[in-house]
Amino acid sequence: DDFARAIEMRDEYLSSNILSWSPKQFSNPDNIECHLTTTAPEIMRNVSDLGLSWGAFIHGSGTGGTIEGVRQFVREKIPSTVVLMVQPAESPHGIQGIADGKEFLARDKDMDGVIKIKTSVAIRRAQEFAKQTGILVGISAGANIEASLQWERDTRGADDVIVTMLCDRGERYMSVFDR
């Protein structure tokens with residue numbers, strides 16, 4: 001649970017092992033760049049191909065590369081698209097992979113807003129999604145789905161497309177889902 005110490009341990013290992021390499025995903029600007037130049041344009045094309053408007057991107061932040069890359073893209077290309085960061089509603093929390101105690105590549109103050117989701121709600125949403133679709137996703141994906149549904153309800157069913165990502169697999173959380 002101590003990301004700062006884990007990163008410090010990684011750096012110690014890298015400095016003492018000359019043949020080692022790390023992508024340094026928590027600090028590498030290429031993490032943002034790839035989502036700015038690849039992920040976001042692909043989303044825009046897919047939404048446009050459907051003849052629809054991209055209204056919101058709602059996503060948790062682990063390293064922050066995805067949400068920050070998408071945020072930078074829409075600010076330049078589609079400024080009407082809202083970018084909202086998903087964060088746990090409590091601390092400590094059980095939504096692995098998001099809001100791990102530090103802002104790495106994305107800052108919540110740069111977003112259009114933050115949606116807080118309780119761990120229990122994220123778990124329940126991931127369970128329901130698996131039952132409805134047969135796709136087993138993790139807790140942070142459950143949080144992203146729940147935040148997207150809440151945004152849709154709060155904006156009174158706007159016709160614009162809400163995009164989120166299901167970025168973790170559920171098999172890692174079988175003990176949590178078995179409740």
Side-chain angles (χ1 to χ4, degrees), residues 3 23-89 93 95-119 121-122 124-126 128-130 132-133 135-170:
F3 265 73
K24 296 187 177 183
Q25 67 186 32
F26 292 91
S27 59
N28 189 338
D30 289 343
N31 188 342
I32 296 170
E33 184 70 20
C34 74
H35 296 289
L36 171 66
T37 60
T38 304
T39 307
E42 180 179 349
I43 293 169
M44 185 179 72
R45 275 191 312 277
N46 288 332
V47 170
S48 179
D49 287 350
L50 294 170
L52 300 170
S53 299
W54 182 5
F57 183 73
I58 302 174
H59 198 274
S61 178
T63 66
T66 303
I67 195 167
E68 182 59 19
V70 171
R71 185 191 72 79
Q72 289 180 20
F73 178 87
V74 299
R75 286 298 159 269
E76 183 179 323
K77 306 285 185 189
I78 330 166
S80 61
T81 300
V82 175
V83 180
L84 303 162
M85 184 182 283
V86 179
Q87 292 182 343
H93 66 88
I95 307 176
Q96 293 84 354
I98 66 172
D100 291 309
K102 184 177 180 208
E103 294 178 328
F104 293 103
L105 297 172
R107 298 180 308 195
D108 60 5
K109 70 178 187 171
D110 293 335
M111 305 300 147
D112 295 309
V114 171
I115 301 175
K116 302 274 189 177
I117 302 294
K118 290 184 178 181
T119 300
V121 173
R124 187 171 58 249
R125 181 58 68 190
E128 290 171 3
F129 185 79
Q132 293 169 355
T133 66
I135 301 170
L136 188 60
V137 297
I139 300 168
S140 65
N144 287 346
I145 294 167
E146 180 62 29
S148 298
L149 292 170
Q150 284 183 20
W151 178 255
E152 179 185 35
R153 283 191 302 267
D154 292 348
T155 58
R156 312 257 183 301
D159 292 332
D160 293 342
V161 172
I162 299 169
V163 176
T164 192
M165 299 178 106
L166 309 181
C167 48
D168 60 346
R169 302 178 315 274

Output side-chain donor-acceptor pairs under 3.5 Å for residues 71-80, partner residues at least two apart or in another chain, one line each.
{"residue": "Arg71", "atom": "NE", "partner": "Glu68", "partner atom": "OE1", "Å": "2.9"}
{"residue": "Arg71", "atom": "NE", "partner": "Glu68", "partner atom": "OE2", "Å": "3.4"}
{"residue": "Arg71", "atom": "NH2", "partner": "Glu68", "partner atom": "OE2", "Å": "2.6"}
{"residue": "Gln72", "atom": "NE2", "partner": "Glu68", "partner atom": "OE2", "Å": "2.9"}
{"residue": "Arg75", "atom": "NH1", "partner": "Thr81", "partner atom": "O", "Å": "3.3"}
{"residue": "Arg75", "atom": "NH2", "partner": "Asp112", "partner atom": "OD1", "Å": "3.0"}
{"residue": "Arg75", "atom": "NH2", "partner": "Asp112", "partner atom": "OD2", "Å": "2.4"}

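- Rounding to the nearest 0.5 Å places OG1 of Thr37 at 11.5 Å from CD of Glu42.
- When all heavy atoms of Gly142 and Arg125 are compared, the pair lying nearest together is O-CG, 3.4 Å.
- Judged purely by atom type and a 3.5 angstrom limit, Asn28 uses its side chain to pair as donor or acceptor with the backbone of Pro23.
- Residues Ile58 and Val163 form no side-chain contact, since every pair of their non-hydrogen atoms from C-beta on lies 4.5 Å or further apart.
- Here the CG atom belonging to Asp110 is positioned 8.0 Å from the CE atom belonging to Met85, to the nearest 0.5 angstrom.
- At least one donor-acceptor pair closer than 3.5 Å links the side chain of Asp168 to the backbone N or O of Gly138.
- One finds the NZ atom of Lys24 at 14.0 Å from the CZ atom of Phe104 (value rounded to the nearest 0.5 Å).
- Partners of Thr63 under the side-chain hydrogen bond (donor to acceptor under 3.5 Å, both in side chains) rule, at least two apart in sequence or in another chain, are Asn31.
- When atom types are taken as modelled, the side chain of Ser48 and the backbone of Met44 share no donor-acceptor pair closer than 3.5 angstrom.
- Interatomic distance, Asn144 CG to Ile162 CD1, rounded to the nearest 0.5 Å: 12.5 Å.
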- Trace of the side-chain hydrogen bond (donor to acceptor under 3.5 Å, both in side chains) decision for Thr164 with His59: CA-CA 6 Å; Thr164 192; His59 198 274; 5.6 Å; no

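- The two residues Val137 and Ala126 make their nearest non-hydrogen contact at O-CB, 3.9 Å.
- The side-chain heavy atoms of Ile43 and Arg45, taken from C-beta on, include no pair separated by under 4.5 Å.
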- Show the numbers, then the answer: is there a side chain to side chain contact (heavy atoms under 4.5 Å, CB included) between Ser61 and Ile98? CA-CA 5 Å; Ser61 178; Ile98 66 172; 5.8 Å; no

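- Taking 4.5 Å as the limit, every side-chain heavy atom of Met111 sits out of range of all side-chain heavy atoms of Leu84.
- Contact check for Thr66 versus Phe57: side-chain heavy atoms found under the 4.5 Å cut-off.
- Thr119 approaches Ile95 most closely through the heavy-atom pair OG1-CG1, 3.7 Å.
- Among all heavy-atom pairs drawn from Ile117 and Ala143, the shortest one is CG1-O, 3.9 Å.
- When all heavy atoms of Trp54 and Val47 are compared, the pair lying nearest together is N-CG1, 3.7 Å.
- The shortest non-hydrogen separation linking Ala141 to Cys167 is CB-N, 4.2 Å.
- A distance of 10.0 Å separates CG in Leu149 from CD1 in Ile115, rounded to the nearest 0.5 Å.
- The OG atom of Ser148 sits 10.5 Å away from atom CZ of Arg153, with the distance rounded to the nearest 0.5 Å.
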